[in-house]
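Working notes, beginning with the structure itself.
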Amino acid sequence: MLYRRSLLQKSAFYLHNRYVNTLTALSTAFNSRPDSFHKSNLFSKQTVFDHLSNTLCKVADLAEFIRMAHPSISFSSAAESACVSIGSLVEKLNTNKALYDSLHEVVKNGDKVPTTEVDDHVAKLFLFDFEQSGIHLEEAKRIKFVELNERILTLGQKFLRGTLEPRAAPKDNFAMDGNNVVVGGMLADNAVELTREAAYKVYLYPDQDQEERLRALLRARHEMASLCGFPSFAHRAMRGSLAETPQLVQEFLTKLSESVRPEAETEICEMAEIKRNHCSSSRPLAPWDVSFLTGIARYHNMPKGITAETILPYLSLGTVMEGLNDLFIDLFNVSLKVEESLPGELWSNDVYKVGVYYNTTERLGYIYCDFFEHHRKANQDCHFTILGGKTLEDGTYQDPVVVLLLNLPNPTWSGPCLLSLPMMENLFHEMGHALHSMLARTHYQHVTGTRCSTDFAEVPSILMEYFANDSRVIHRFARHFQTNEKLPLDVIEKILASRYTFASTELQLQTFYAILDQRYHNGEILLKRHLNHGHFSRSAERTLQSSLRTEHGVAIEIWASRWLWCERGWHETSSRSPSVMGEGNPLKIWWPNFWVKM
C-alpha cells in the first residue's frame, strides 16, 4: 500500500512539473486502479435474451434446413427430431414466468444499465413473443399451451410431407391396368386431355388421412389461440403485422376478388374458345385444362419465331448471376464472389459458396447456393437463415449465413444451366431475401433480416421480382452463352407481355387460396363449408382438395400489405427514369435507404 502511494505521488509530481507522462504503458497501467481495465460484465436484459435466442436459433435454423434439404434420410430424420425438440424447448422458455417477469420489469421500469430506443423496442418485441405464448395464463393453461404447440409442430410437419407424396387410387375408379394408379403430379402441361384429367383426379383424389391432419392442425391452432385469449388463430397470427387484423385482410381480399372477377370470367371464355379451336375438343372447359391452354395462349402471343425455349440460351445461370451482381453493385456497392469451401462444409457437391462484400473488401456474410435438383430435395424454392447477424459479447459482429434452395435444371455436357423467365424471377425473389439478411447489420439477431413481421419480410423479395420483370434490367445482362449476342430489347418486352396472359385467372386463384386460409384460421375448420364460391369462377370443390396439396393449410396468408408496399415503392421510383440504373435514378437513392430502415 505504501509503495503504491509513492508511485502515484511520483507520477503526479512528473505530470505537474513537466506536463509529460514519462512512465511506460505498463507502469501507467499499474499506477491506475485495476477496475479501470476490466470490461463491464453488465449487459442489458434484452442483450442477454438476444444471446439466448441466438444460441437457440443456431441449432433450430440449421436443423430446419437439414430436415428440408439434406440428401441423406438419416440426417434429415435426425434433424426433424431436433426441430421438434428445440421447438418444444423454445415454447417452454416462452412460458417461463420468471423470465417473463424479469423482462416485464425492464420494459415497465427501465434497466439497470443505459439503453437506447432500439434496445427498448427489442425488449418489447421479446415481451410480445412471451405474450403470444400465453405467459399471462395460469400454470395449468401454460402447460396446456406447450402441449398444443408440440402437437401443432408434429401435425404441421406430417401435413407438409403429405403434400409431396404421390397419390395412389383404387383402379376401379379409373380405366387403367394394375392394382393402383400412382401419380406424382397433375401433369398440367400434358398435351393429351385424358392424361391431364386422369392425373388431376388421381393427384387430388380425396385423402382422408391428409384431410384429418389438416382438421386436427386447425383445431389445435384454434384451441391454442382461444387459450391465449384470441378470437381465432388468425387474430393471433395478425397481431403485430402490417395487416393488423383479419377483418382488414378479409376486406382487402374481398375487394380484390370482386375487382378481378370480371376479367377472370372473360379469360375463362377465351380459354374455352382456345380449347374448341386449337384442341378440336367439344368438351367443356375443365380445371385440368387451364395451365395447358395458358401455355398455348402464351405461345401465340410470343414474337414470331420466338418461343420460351428460344430465349433459354440468353439466360444461362452464370449470365443471370452476373446480372444480379451488377445490379447489387449499382444499388448498394455490394458484390458477390464464389469462394472455395472447406472439406465437409457442404451437404452436396453442386452447392456454391458465395461471399457477399461491401466495397469489394468488407465481408458481409455468406450465401450458400443450392440451386440444382438432387435426390430427396424439397420441391420448392426457399431461403433459409443459418446464422443471423448480430453484435457478439466481445464486440465483434456475427456475419449472417443463409442458404438459397432452388430446383434449377442441372448443367449438361453440352452447356450450362439455362433458366426460363419464371426460374429467373424465382432466383431474383430468393436473392431479395438473401440480400435482406446480408444488409440488415442489426445489433440484435432477433430482428435481423427476415426476422421481422411476416408480411414485411416478403417486401424486399417481391421488389426484386419487379427488376426481374423489367425489360431494361434484363436487357443489361441477357446474352447468348455461346455467341455473347444480346437479346433485343423489343423481343424482351414482347416476351414479358406474354407472361401476363390470363393473369387475372391466376390472381383470382391465389386470392381464393388466401381467403380459404383466412376462413380456415378464423375457426371455420370444417372443410367444404361456409365458402362463398363467388370468389372463384371455376368449381371450388377440387380447389379445396388442392389445398391438401399445398402449404396454404399451414402457412396463413397475410400478403396483402406487402404487395401494396411493393407496388407503391416501385411505381414511385422506376417509372420516373428511362434508365433503370442511370445516374440520378431515384431507385439508387430510395432502395439503399429502404433496406437500411428494414
His443 and Thr391 side chains, donor-acceptor separation under 3.5 Å: yes
Lys337 side chain vs Thr360 backbone, donor-acceptor pair below 3.5 Å: yes
Parallel, tilted or perpendicular, as decided by the 30° and 60° cut-offs, for the rings of Phe126 and His446: parallel
Other residues, nucleotides, ligands: >12 heavy atoms within 6.0 Å of Tyr357 OH: yes
Side chains of Ser348 and Asp350, donor plus acceptor under 3.5 Å: yes
Asn325 (side chain) donor-acceptor with Leu336 (main chain) under 3.5 angstrom: yes
Stepwise side-chain contact (heavy atoms from CB on, under 4.5 Å) test for Phe328 and Val356: CA-CA 10 Å; Phe328 294 158; Val356 182; over 6 Å; no
Derivation and outcome, salt bridge (charged side-chain N to carboxylate O under 4.0 Å, His left out), residues Glu340 and Lys353: CA-CA 7 Å; Glu340 290 187 8; Lys353 178 182 179 181; over 6 Å; no
Glu465-His429 side chain donor-acceptor pair, cut-off 3.5 Å: yes
Verdict with supporting geometry, Val354 and Tyr366, side-chain contact (heavy atoms from CB on, under 4.5 Å): CA-CA 6 Å; Val354 178; Tyr366 288 109; over 6 Å; no
Any donor-acceptor N or O pair under 3.5 Å, side chains Glu373, Asn410: no
Heavy-atom side-chain contact between Met438 and Val402 under 4.5 Å: yes
Arg67 and Glu64: CA distance, side-chain angles, deciding distance, salt bridge (charged side-chain N to carboxylate O under 4.0 Å, His left out) verdict: CA-CA 5 Å; Arg67 182 183 76 83; Glu64 175 64 15; 2.9 Å; yes
Side-chain donor-acceptor pair present, Glu458, Ser461, cut-off under 3.5 Å: yes
Ring geometry between Tyr368 and Trp347 (parallel below 30°, tilted from 30 to 60°, perpendicular above 60°): tilted
Phe481/Leu418 under side-chain contact (heavy atoms from CB on, under 4.5 Å): CA gap, chis, key distance, verdict: CA-CA 9 Å; Phe481 77 94; Leu418 304 179; 4.0 Å; yes
Which residues share a salt bridge (charged side-chain N to carboxylate O under 4.0 Å, His left out) with Arg441, sequence neighbours left out: Asp399
4.5 Å side-chain heavy-atom contact, Glu430 and Leu406: yes
Minimum-distance pair of heavy atoms, taken over all atoms of Leu405 and Ala69: CD1-CB, 3.9 Å
Thr116-Asp119 side chain donor-acceptor pair, cut-off 3.5 Å: yes
Identified side-chain contact (heavy atoms from CB on, under 4.5 Å) partner of Leu327 from the options Arg476, Met431, Glu322: Arg476
Sidechain-backbone polar pair: Ser76 side chain, Ile73 backbone, donor-acceptor under 3.5 Å: yes
Six-ring centre of Tyr314, Lys486 cation under 6.0 angstrom, axis tolerance 45°: no
Set of side chain to side chain contact (heavy atoms under 4.5 Å, CB included) partners for Asp61, sequence neighbours left out: Cys57, Thr385, Arg451
Quiz item: cation-pi between Arg221 and Phe233, 6.0 Å / 45°: yes
Test item: side-chain donor near acceptor, Thr319 and Ser316, under 3.5 Å: yes
